[in-house]
2 protein chains.
Amino acid sequence: MGRWEPDAVGRLRIAALDLFGTVGYEETTVAQIAERAGVTARTFFRYFADKPEVLFDGSEHLEHAMVAAVAGAPEKASARQALDAGLDAAVELLGERAEFAQRRSAVIRTNAALLERETMKMARIAEAMAEALRGRGVPEPQASMTAQTGVAAFRIAFASWVEKPSTSLAKTIADNLAVLDSIKV
Amino acid sequence: MGRWEPDAVGRLRIAALDLFGTVGYEETTVAQIAERAGVTARTFFRYFADKPEVLFDGSEHLEHAMVAAVAGAPEKASARQALDAGLDAAVELLGERAEFAQRRSAVIRTNAALLERETMKMARIAEAMAEALRGRGVPEPQASMTAQTGVAAFRIAFASWVEKPSTSLAKTIADNLAVLDSIKV
């Protein structure tokens, strides 16, 4: 299959979402996804380790973008400012893919194993953000608490945003973080 | 099999930790755990669905204790006060089992699948706490942010406490929550 396959990855992702939404996640095979995308199953497995990864490989881009933004925040930025830089990077990335994110979430919600994988990916992102904050010299427990709280604000905002993409994801994240005022004693 | 087995559950838990610590988690079989505890494998499976559950069935007690304390906090208690009641319940439960908690954590740290199960159990506890807060009339996103932040403070404190059980788990949790001051803008 040495022939050139323009954006095979993009087509596979869309084909998968189309089939998961109509036929169902469990019922869809990799062969069907590949066929719909006009490629072979072998091409699918060149890009994705297994069927669920067609929904999750974007998490790594998200993690890298967030970590890079935290690490790249101005030297004098506070932990919160570095966190905000990371969250802004996530908003920017997802804003470009609102429809994809929404359709993807609709599939994940239907399946306990997918929800579990999503929870694990977000836990890994929070760990990576904490590591990036420590790399900036933020001490513990501030680094972990900042990262965990920020990722919680992101996840909770993301869940409302996929329901109602007309709202501002950035504003909802900020609103969630503002709630911290009521949590401190 | 019908005979009385005083505290078979407790003996199975200890036998499992003994073997996981010496032989290794992967290498230990349910039959070996049962033998060491002086019961049959059938008895093991009467109490635990699978080998890892011998490490994780306590999570449900923890969840129930925390949720009950949140739900049972005085009617006028704030979201933070209800959260604190839940965290206090966790501290009380774990304080009685410090050595067990510590040995259990040492095993979990060695195995990616166990770490994943632990992450999922804690995610479930955070969800249950958010639900308990909503049940008290705490609106969203305050309920979810309070529960997620509180569970993060608990997890991070727990990780230091199992390393150094002479420290106060309650104080470390409170210190972690105090860090929120630096996270709000």
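Naming convention: chains lettered A, B, ... in sequence-line order (proteins, then strands); numbering from 1 in each chain.
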For A:Ala73 and A:Ala85, work out which heavy atoms get closest and say how close. CB-CB, 4.3 Å

Nearest atoms (heavy-atom pairs only) where B:Val70 meets B:Ala132: CG1-CB, 3.7 Å

Pair B:Glu140, B:Ser144: side-chain N/O donor-acceptor within cut-off below 3.5 Å: yes

Please look at A:Arg117 and chain B and tell me whether the side chain, the backbone, both or neither of the residue comes under 4.5 angstrom of a heavy atom of that chain. neither

Chain B contacts, top residue of [options] (heavy-atom pairs, under 4.5 Å):
| options | value |
| --- | --- |
| A:Leu177, A:Asn176, A:Asp84 | A:Asn176 |
| A:Ala79, A:Ala123, A:Ala178, A:Ala153 | A:Ala153 |
| A:Glu116, A:Gln148, A:Arg155 | A:Glu116 |

Taking 4.0 angstrom as the limit, do B:Glu127 and B:Arg134 come out as a salt bridge? no

